[in-house]
Participant: 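Below is a structure I'd like to ask you about.
Sequence lines set the chain letters: A, B, ... in the order given, protein chains first and strands last, and positions in each chain run from 1.
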Protein chains: 2
Amino acid sequence: MGAKRTPREAWIEEGLRALASGGVDAVRVEALAKALGVTKGGFYGYFADRNALLEAMLDTWERESIDEVLERVGHLDGDPREKIRLAGQLTLSADRLLPLDLAIRDWARRDEVAAARLRRVDNERMALLREMIGTFCDDPDEIEARSLLAFSLAIGSHFLAAEHPGHTHAEVRAMAGDIVLNRPLAR
Amino acid sequence: MGAKRTPREAWIEEGLRALASGGVDAVRVEALAKALGVTKGGFYGYFADRNALLEAMLDTWERESIDEVLERVGHLDGDPREKIRLAGQLTLSADRLLPLDLAIRDWARRDEVAAARLRRVDNERMALLREMIGTFCDDPDEIEARSLLAFSLAIGSHFLAAEHPGHTHAEVRAMAGDIVLNRPLAR
DNA sequence: CACCCTCTATACGGCACCGTATGGGCGGGC
DNA sequence: GCCCGCCCATACGGTGCCGTATAGAGGGTG
């Protein structure tokens, strides 16, 4: 077997890069080839068509998003809130995964295949949030609501353009996270 | 002046429809023409190019999003929380404006022109949220954090795919909204 | 070293779209 | 009823992309 000059993984990598920076419509075979410094000649040896690449990209993203993060977080024995923050940072602060995540969310709004993958990943993350929040909160409904709030904050704040006079966006985000994850409600 | 068969507004309307359902990349002159039942012949009489249409679409959206909603909400004298809910429903539950809003948010991630418009609109909405929340909350930092939480929940929950065993998404959203807008924190 | 197998370059037909040019058609003003 | 101006259909060149076909280059393998 000859050495693979531009292995299958390179196409997926480059595809994910294009997806992250330009959305799913920016994932174009010829554009990826140019970015890789080759032509599309070898592409169709790995993938039946552009759609096959998109599915392979979803496969890779799902594996990276779920397995690696859960694996790294699961083996820790720290403060649950710290684990949540770590998980959030791994999935959403990583320069690589965050833009990818946001792009896939928009993609999923119009594509049922992408939506199904996102559903699996989000369910995993939501389960993690429930578990963590459940360690310091008893009411199941409140756990669910707080989990949704934490998740919405993590994702939604990247889709907002509003400014905060006197604060940075990160500061306000931190305060909001503090309310959701640390502050009990008055009864 | 001859009767306008396909007035400028019709192109903008159709453009916004395409944007809402397919993202900014789906706004294509020839596709809009087909949707309108004409050819693109008359388009370039109204707009210099596709970019001019996109800017006009942003103009229309900004006016509709800010003016109409604020006008309708501003003249009410009800419970502040009710006003927030009404404003949210007008902007985000409307079948017309919600998909448009989400599509523009994704667009703004990659286009500075769209981002500037979104910033203006979001700042208006954020100001509304601050004002409303300020009527039952004193700490300025908490007002800011709660406003961000409410906004993130309104937007972010539409980008999440997670499921809630035993509850509908709307139910959990309502519970989360209740926490942000109604429940004081323990001190 | 020669063979083979894999990846790559090149070329092709097809399609969708952009922006421009041009002529016809249809309604309103007189 | 005639003219005029706006709107639209049609056609064109150019570009970017898809998917296919074919042949060449280059490294592993015997």
Participant: CZ of B/R28 versus P of D/dC17: gap in Å, rounded?
Facilitator: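 To the nearest whole Å, that distance equals 12 Å.
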
Participant: Among D/dC18, C/dT20, D/dC8, which is the nearest nucleotide to the side chain of B/K40?
Facilitator: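 Within the option list, the nearest is C/dT20.
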
Participant: Strictly below 4.0 Å: does B/Y46 bring a side-chain N or O up to OP1 or OP2 of D/dC6?
Facilitator: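 The answer is no; no side-chain N or O of B/Y46 sits under 4.0 Å from OP1 or OP2.
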
Participant: I need the CZ-P distance between A/F47 and D/dT20, as an integer number of Å.
Facilitator: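 Computing the A/F47:CZ to D/dT20:P distance gives 15 Å.
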
Participant: How are the rings of A/F43 and A/W11 set relative to one another: parallel (under 30°), tilted (30 to 60°) or perpendicular (over 60°)?
Facilitator: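 Because their plane-to-plane angle is over 60°, the rings of A/F43 and A/W11 count as perpendicular.
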
Participant: What nucleotide among C/dC17, C/dT8, C/dG19 has an atom nearest to a side-chain atom of A/V38?
Facilitator: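 Of the candidates, C/dT8 comes closest.
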
Participant: Provide, to the nearest angstrom, the distance between the CG atom belonging to A/D25 and the C1' atom belonging to C/dC17.
Facilitator: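 Interatomic distance, CG of A/D25 to C1' of C/dC17: 14 Å.
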
Participant: Which whole-number value in Å describes the distance from A/R50 CZ to D/dC17 P?
Facilitator: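 After rounding, the reported distance stands at 11 Å.
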
Participant: Given D/dA9, C/dC18, D/dC18, identify the nucleotide with an atom nearest to the side chain of A/V29.
Facilitator: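 Side chain of A/V29 sits closest to D/dC18.
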
Participant: Take atom CG of B/L54 and atom C1' of C/dC18, then tell me their distance rounded to the nearest Å.
Facilitator: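 Computing the B/L54:CG to C/dC18:C1' distance gives 13 Å.
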
Participant: I want to check one thing: is the phosphate of D/dC18, taken as OP1 and OP2, less than 4.0 Å away from some side-chain N or O of A/Y44?
Facilitator: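 Answer no for this pair, as no side-chain N or O of A/Y44 is under 4.0 Å from OP1 or OP2.
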
Participant: Check the distance between D/dC8's P and B/L32's CG and give it to me in whole angstrom.
Facilitator: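 Checked: the CG to P distance equals 14 Å.
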
Participant: What is the nucleic acid contact for A/G42, judged by heavy atoms within less than 4.0 Å: base, sugar-phosphate only, or nothing?
Facilitator: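 Touches a base.
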
Participant: Grab the CG-P distance between A/D49 and D/dG19 for me, whole Å please.
Facilitator: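 Spelled out: CG on A/D49 to P on D/dG19 is 5 Å.
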
Participant: Starting at atom NZ of A/K34, determine the distance to atom P of C/dT10, rounded to an integer number of angstrom.
Facilitator: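 Going from NZ in A/K34 over to P in C/dT10 covers 14 Å.
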
Participant: Is there side-chain contact between A/L160 and B/R105, with heavy atoms separated by less than 4.5 Å?
Facilitator: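 In short, these two side chains touch, coming nearer than 4.5 Å.
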
Participant: Looking only at side-chain atoms of A/T39, point me to the closest of C/dC17, D/dT20, C/dA9.
Facilitator: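 Nearest to the side-chain atoms of A/T39, counting from C-beta on, is C/dA9.
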
Participant: Using a distance-only test with no angle check, is there a side-chain donor-acceptor pair under 3.5 angstrom linking B/S147 and B/R130?
Facilitator: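 Not at all, the side chains of B/S147 and B/R130 share no donor-acceptor pair under 3.5 Å.
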
Participant: Would you mind telling me which residue lines up with the more 5' stretch of DNA chain C, A/E30 or A/F43, judged by nearest nucleotide?
Facilitator: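 Upstream on the strand: A/F43.
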
Participant: Within the 3.5 Å criterion, strictly below it, is a donor on B/D141 or A/H167 matched to an acceptor on the partner's side chain?
Facilitator: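 A donor-acceptor contact under 3.5 Å links the two side chains.
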
